[in-house]
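Everything below concerns the one structure shown next.
Numbers for residues simply follow the sequence, beginning at 1. Here the structure is a predicted model, which is why all the values come from computation and not from measurement.
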Amino acid sequence: MLTVDHFADFFNEVHGGAASSGSRRDPFPWQTALLRRVVDDGWPDGIDVPTGLGKTSVLDVAVFAAALGVRDARRRVFYVVDRRLIVDEAYEHARRIAAALDQPTGGATRTVAQRLRGEDDEVALDVTRMRGGVTWERTWLERPDRYAIVTGTVDQIGSRLLFRGYGVSDRARPIDAALVGTDSVIVIDEAHLAQAFVTTTQATFDLDGSPITRPPIVVTMSATTTVGRERNAGRSPVMHRISDDDERHQIAGERLTAGKRLHLVEVKTTKKSEDTVLPAAMAALADRLAPDRVVGVVTNTVARARSVFELLRDQHDAVLLTGRSRPVDRDCLLATYYPRISVDRDHSHQRPLIVVATQTVEVGANIDLDALITESAPLASLVQRLGRLNRVARSGHGHGTAVVVHGSATGQEDPVYGPARLATWQWLSNKIDPARYTPRLDPTQLAPWLDASPAALHRLTTRLTADEQAALRGPTPYIPVIKRRHLDTWARTAPAPVPDQPIEPFLHGVTDDQPPVAVVWRHGLGPAHQWTDLVDEMPPVAEETLDLPVAAVRRWLLGIGPDPTASDLDNTAATPPTTDVTTGQPPRIPRVLRYQGRGDAQLIAPWKVRPGDTIVVPADMGGCDEYGWHPTSTAPVLDAADLALRRGRPVLRIGPTLVDAARRWSEHLAALAQQLIDHATADTGASAASPAAEPYLLVLKAMREHAPEGPLREVLSALLATRPRVILRTSPHQGGQPHLGVIAAQHDRLADDDTSMGSSTAARRVGLQPHQAAVAARARQFAEALGLPPRVIDSVTRAALWHDEGKRDPRFQIMLWGGNRAAADIAEQPLAKSGIAPSDRAAFVRARTAAGYPDGMRHESLSARIAAARLTGDHDIHSDLVIHLVASHHGHARPLLPPVVDPRPTKVTVDDLGPFDTADTIDWQQPHRFSQLNDAYGRWGLALLETIVRLADIWCSARNETIEDKP
């Protein structure tokens with residue numbers, strides 16, 4: 001029997017050393033106490049634990065509580081951090097848990113895995129990461145009954161919760177909303193950075209309760225403030241904190257009291273000089289601390305970080321880390337440098353390194369610095385930065401030296417932090433006297449100092465009054481009050497209202513932030529009139545884009561100097577320059593390409609770039625290097641499209657871009673990439689798209705063998721794990737082409753659940769009745785596992801059993817037979833799946849045209865009418881629910897199906913029901929039905945019921961799962 005007492009064994013089996021090594025890793029007292037609290041009283045409103053004490057272990061607690069099956073256990077855990085993370089520690093932590101359950105090493109993990117793993121499911125725990133620049137599968141959770149941990153940002157998880165998932169199609173949004181908004185624990189780390197999201201999630205779940213499934217639970221976490229809200233009138237938020245047991249614990253106690261000496265240094269500056277004087281002072285202090293240390297230098301703006309880095313890079317081994325970098329560049333840097341700065345490194349053999357960074361290291365970066373130089377900042381930011389110093393009490397210097405540097409010209413109107421920066425400096429100055437900076441100042445000899453250990457800082461912050469906290473934190477944006485009408489608007493996903501209710505104010509508060517501009521650099525674009533066609537061949541993806549404020553982009557394109565106040569925190573709506581700005585020089589480029597997708601691009605003037613645009617510029621424009629945004633650089637930028645994983649479907653161009661990318665690591669890799677060009681040049685007999693021949697595969701394998709950890713190795717591994725194809729240009733030897741062709745991954749897996757055209761993963765046809773029977777069985781299995789009421793289970797099952805009845809239309813059957821009318825006429829049974837590869841859209845178009853099936857008409861419309869006819873007099877199920885689930889099983893009918901009128905109506909005869917006329921395609925009752933069902937089951941509850949049917953359909957379609965009729 002699994003009990004709370006087994007948690008220590010579970011924790012050790014997940015995170016401890018090998019059993020043969022004799023090492024053991026037990027949870028800290030606060031972690032075990034949290035589990036007991038969840039078991040006995042439910043989740044607390046907030047967790048207030050100092051940094052460095054393993055807050056991500058809340059994931060272990062959530063998983064173990066789920067295995068125990070306690071009242072407040074939930075099936076999915078969402079771990080939210082509102083930062084551009086350089087290292088997603090929570091994601092790696094979750095992967096360790098999943099790996100331990102996949103291959104248990106002891107009784108505790110074996111029992112937990114058995115309890116979590118669903119019937120005939122190979123996976124006990126799914127793990128997904130959602131953040132900008134990282135791609136994930138469209139169907140990121142294959143089964144609604146599967147346990148999962150999802151890490152991500154406020155934007156990615158919050159937008160999905162509110163039915164407006166960023167980067168998610170309208171039809172897929174209800175699935176994501178259901179998975180986030182039901183049966184979940186939403187843990188918001190460093191909640192003081194995401195107060196608007198905290199308020200919105202709690203208010204949303206108060207307004208919309210689902211009577212059929214367990215509601216979500218919101219838990220805030222912070223190392224700096226107690227963030228929470230009264231959930232029930234008359235009581236304060238319940239907070240979980242460390243205890244005396246943690247202070248007495250050998251390891252936890254050492255971390256809580258880890259030596260950190262905080263010093264204050266004031267630098268004499270003026271408003272005009274601070275952008276040069278302050279970086280110079282910080283670089284000089286870092287230079288003095290550099291010998292034998294890993295030193296962190298944290299600035300408040302990207303420009304100052306770049307300035308410090310440029311001053312240090314020639315004399316020291318240094319790296320620059322900012323949030324203003326392309327994800328592939330960041331991943332390359334981390335593959336090289338993270339092992340040298342992580343908490344797990346071997347401190348006895350470390351090499352000195354200076355890490356220059358912005359706010360990007362404040363949250364989610366599990367790094368361990370020996371010394372820290374930081375600009376003055378609000379208290380919460382300083383606490384986070386200090387959390388990276390001597391993080392696990394293993395500094396070879398006995399303690400970590402921290403120096404807070406403050407420019408004397410800093411006032412109330414700080415462009416990044418406002419008055420909170422000065423207020424925090426003054427508060428600290430009242431505790432210890434600042435030293436005056438001189439070029440000869442030695443930071444190792446500074447006195448006095450303030451104890452900045454986690455325990456000491458925790459005592460300081462918990463003593464602050466509410467007014468003091470507000471002053472040191474700075475003003476928070478206005479958070480709009482969420483109303484039921486907002487929820488009703490967002491629940492309408494297909495079609496969505498026009499104009500739509502924006503979600504951004506509810507995720508971040510009302511600010512002057514704007515969506516960033518995504519900048520993409522491409523090599524070999526040639527004349528501007530060719531740009532669209534060349535970019536269409538390989539559309540931009542998140543991994544190769546650099547997100548920047550619109551004002552910064554326009555300044556760069558127009559040749560104006562960079563904005564020195566730009567930080568990693570926001571995309572503040574500074575007034576962008578226009579044609580009225582005179583620089584004395586023409587723009588750096590007359591046109592850029594605004595790209596919105598294949599066939600949707602236009603050349604625009606630089607001053608017409610808008611917030612939210614994706615623009616493509618020639619690589620030789622400069623503006624970016626391996627460390628990120630560098631607007632004064634004119635050196636050509638690496639075209640990073642070949643390093644993008646593209647949701648597991650990478651594409652390598654056979655040309656100079658791949659050679660340049662490989663050269664980033666070694667000349668040998670570049671020479672191997674050149675061999676691909678040589679093979680393509682000699683491959684005169686290759687078809688337009690053929691499986692990669694042995695010479696190509698040998699080169700790809702050699703490149704993977706020599707590529708270090710990082711994006712290139714991941715791309716090569718993903719390619720070789722599939723059946724890669726070589727697609728050469730029609731004229732591969734034509735001069736002036738930027739590449740000769742591409743090597744592309746080949747996948748048969750369904751990209752989404754729109755199997756309305758009858759696709760399946762295997763090249764075989766699937767009968768209608770066997771398919772629908774299998775989907776019904778799966779839907780019942782999912783619904784029963786989720787503990788739904790019997791009447792709802794029966795309704796869901798019935799909808800799944802009839803979801804494809806509309807495919808009985810003779811024209812649809814001809815289409816499923818590839819346009820072969822004779823084959824459809826003599827078929828023994830109607831088909832559900834055609835056997836045509838999902839990626840072969842041209843074949844579908846040919847088949848539809850030959851069959852005469854109207855373009856845009858949905859089989860769901862006829863399916864719903866047939867289902868309604870079958871339901872006559874059946875009072876054991878909810879008829880309206882069944883009709884809606886059938887109509888919405890491809891994401892439409894929320895609240896309307898596309899109103900396509902059949903131009904050539906036909907009669908569809910169903911044996912036991914008689915004929916149906918396809919002229920009647922519009923269900924005028926659907927909007928009212930949708931509204932009533934939202935009231936009955938809750939907006940997220942109804943979406944969950946849709947998700948059960950849709951994921952059952954996807955599961956069976958992807959695996960060609962059928963149940964044959966028995967005689």
Side-chain angles (χ1 to χ4, degrees), residues 264-287 295-316 318 320-325 354-361 372-378 381-382 385 403-422 424-425 434 436-439 441 548-549 551-556 558-572 574-577 581 583 622-625 627-634:
L264 305 181
V265 172
E266 186 172 48
V267 182
K268 184 175 179 56
T269 60
T270 65
K271 289 291 185 184
K272 184 176 291 186
S273 69
E274 62 182 356
D275 289 328
T276 55
V277 173
L278 207 60
M282 297 178 76
L285 293 169
D287 176 73
V295 180
V297 182
V298 183
T299 68
N300 296 344
T301 68
V302 177
R304 286 184 186 168
R306 175 68 71 168
S307 296
V308 173
F309 176 69
E310 296 297 339
L311 289 169
L312 291 170
R313 65 185 303 182
D314 291 336
Q315 290 78 32
H316 298 278
L320 175 64
L321 300 174
T322 79
R324 300 296 184 189
S325 61
I354 297 180
V355 182
V356 184
T358 54
Q359 299 91 346
T360 195
V361 298
L372 173 68
I373 311 293
T374 173
E375 267 194 270
S376 57
S381 295
L382 289 181
R385 296 176 192 185
V403 181
V404 179
V405 179
H406 183 78
S408 61
T410 302
Q412 296 281 344
E413 302 302 321
D414 181 74
V416 179
Y417 293 114
R421 179 184 176 190
L422 180 60
T424 300
W425 174 258
R436 296 289 181 180
Y437 174 76
T438 68
L441 185 69
L548 296 165
V553 173
R554 286 196 193 174
R555 292 175 70 97
W556 169 59
L558 293 170
I560 306 171
D563 179 4
T565 66
S567 73
D568 273 348
L569 293 181
D570 52 38
N571 293 290
T572 303
T575 303
V581 177
T583 64
C624 179
D625 64 9
Y627 302 104
W629 179 232
H630 194 2
T632 60
S633 171
T634 57

For a quick test of reading the model, state the closest non-hydrogen atom pair linking [X] to [Y] and the distance between them.
X: G323; Y: T358; answer: N-OG1, 3.8 Å
X: A286; Y: L312; answer: CB-CD1, 4.2 Å
X: G628; Y: S325; answer: CA-CB, 3.7 Å
X: P378; Y: T424; answer: CA-OG1, 3.4 Å

Distance in Å, M282 CE paired with T374 OG1, rounded so as to fall on 0.5 Å steps: 6.0 Å

Distance in Å, L548 CG paired with R554 CZ, rounded so as to fall on 0.5 Å steps: 14.0 Å

Residue list, ring pair (Phe, Tyr, Trp, His ring centres under 6.0 Å) with Y437, at least two apart or on another chain: none

W629: ring pair (Phe, Tyr, Trp, His ring centres under 6.0 Å) partners, not counting sequence neighbours: W556

Using a 3.5 Å distance criterion without hydrogens, assess whether the side chain of [X] forms a donor-acceptor pair with backbone atoms of [Y].
X: T360; Y: T322; value: no
X: S633; Y: G622; value: no
X: K271; Y: A409; value: yes
X: T299; Y: A305; value: yes

Please enumerate all residues that pass side-chain hydrogen bond (donor to acceptor under 3.5 Å, both in side chains) together with [X], with sequence neighbours excluded.
X: S376; answer: H406, R421
X: T301; answer: none
X: T270; answer: S273

Derivation of the side-chain contact (heavy atoms from CB on, under 4.5 Å) call for L422 and D414: CA-CA 8 Å; L422 180 60; D414 181 74; over 6 Å; no

CA sep, side-chain torsions, deciding dist, call: V416, Q359, side-chain contact (heavy atoms from CB on, under 4.5 Å): CA-CA 11 Å; V416 179; Q359 299 91 346; 4.0 Å; yes

Is the shortest side-chain heavy-atom distance between [X] and [Y] below 4.5 Å?
X: V361; Y: R385; result: no
X: T410; Y: W425; result: no
X: R324; Y: P549; result: yes

Residue pairs passing the salt bridge (Lys or Arg N to Asp or Glu O under 4.0 Å) test where at least one lies in residues 297-306, sequence neighbours excluded: E274-R304, D275-R304, R304-E375, R306-E310, R306-D625

